[in-house]
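What follows is one structure encoded as structure tokens, with my remarks underneath.
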Amino acid sequence: MALLLRTLARRGVCTPCPRFCLYRPAVPMGTTAKEEMDKFWAKNTQLNRPMSPHITVYRWSIPMVMSITHRGTGVGLSGGISLFALAALVLPGDYTSHLELVNSLSLGPALITSAKFILAFPVMYHTCNGIRHLVWDLGKGFKIPEVYRSGYMVVVLSLLSAMALAAL
């Protein structure tokens, strides 16, 4: 709608008859968006500015890694739950038949415990980091030492709770 009104205003459709005009710019439009972009890039080229900061420009820090990991675990968990639900709908048999299949493989306790840890860690990490974000929503813990301390605490609690769940 805004694009239509802007086009009509530029072509002069609204200017001869202001009482029927739906939109009249307060300041006359002197340049187009393309002209503005060309000026922007010419200025950046003249000042030798990079196109955009690249990931290599930044020094990796705990908050950066934790933010990326939190998003990754969220995407992974939603994808995993969706695939599990789809498999439960499509595959034949019920839950007990699938458990019997896993038991018949005779995988051994070490492999089963490590598989449970691999499944439990993203859940616990996302949960603990989500609680950290809820504390941030309260306006607490924004000082840099507190951010690092809470980050280390999330990692340690995630590891311990995932190990505890895997040991069950």
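Since this is a predicted model, take the numbers as computed values, not measurements. Numbers here are sequence positions counted from 1.
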Separation between CE of Met37 and CH2 of Trp41, rounded to the nearest 0.5 Å: 7.5 Å

Check: Met64 and Arg59 side chains under 4.5 Å, non-hydrogen atoms: no

Side chains of Val90 and Leu86: closer than 4.5 Å at any heavy-atom pair? yes

Does one hydrophobic cluster hold both Ile112 and Leu168, with members joined at side-chain heavy-atom distances below 4.5 Å? no

Smallest heavy-atom separation, Val154 atom then Asn129 atom, equals CG1-N, 3.9 Å

Is the shortest side-chain heavy-atom distance between Trp136 and Val147 below 4.5 Å? yes

Could you walk me through whether Glu146 and Arg149 satisfy the salt bridge (Lys or Arg N to Asp or Glu O under 4.0 Å) test, starting with their C-alpha distance in whole Å, then the side-chain angles of each, then the deciding distance to 0.1 Å, before giving a yes or no? CA-CA 5 Å; Glu146 293 172 348; Arg149 192 177 321 119; 5.1 Å; no

Taking a hydrophobic cluster as the set of Ile, Leu, Val, Met, Phe, Trp and Tyr residues connected by side-chain heavy atoms closer than 4.5 Å, whether directly or through intermediates, do Tyr148 and Val155 fall within one such cluster? yes

Exercise: identify the closest heavy-atom pair between Lys116 and Leu165: CE-O, 4.3 Å

Nearest 0.5 angstrom please: Cys128 SG to His133 NE2, how far? 12.0 Å

Nearest heavy atoms of Ser150 and Arg132, plus distance in Å: OG-NE, 2.9 Å

Taking the side chain from Ser82 and the backbone from Ser78, do they hold a donor-acceptor pair closer than 3.5 Å? yes

Distance from Phe84 atom CZ to Leu119 atom CG, nearest 0.5 Å? 10.0 Å

Under 3.5 Å, is there a donor-acceptor pair between the side chain of Ser97 and the main chain of Asp94? yes

In this structure, CD1 of Ile62 is separated from CD1 of Ile144 (nearest 0.5 Å) by 13.0 Å

Correct closest heavy-atom pair for Ala166 and Phe117 would be CB-N, 3.6 Å

Under a 4.5 Å cut-off applied to non-hydrogen side-chain atoms, are Leu101 and Ser104 in contact? yes

Would you compute the distance between atom OH of Tyr152 and atom CG of Leu157 and round it to the nearest 0.5 angstrom? 15.0 Å

Heavy-atom closest contact (Thr69 atom, Val65 atom, distance): OG1-O, 2.6 Å

Going only through I, L, V, M, F, W and Y residues with side-chain contacts under 4.5 Å, is there a path from Val135 to Phe142? no

I'd like to know if the side chain of Tyr125 reaches the main chain of Met66, judged simply by a donor and an acceptor atom lying under 3.5 Å from each other, with no hydrogens or angles considered. yes

Does some side-chain heavy atom of Val75 sit less than 4.5 Å from a side-chain heavy atom of Arg71? no

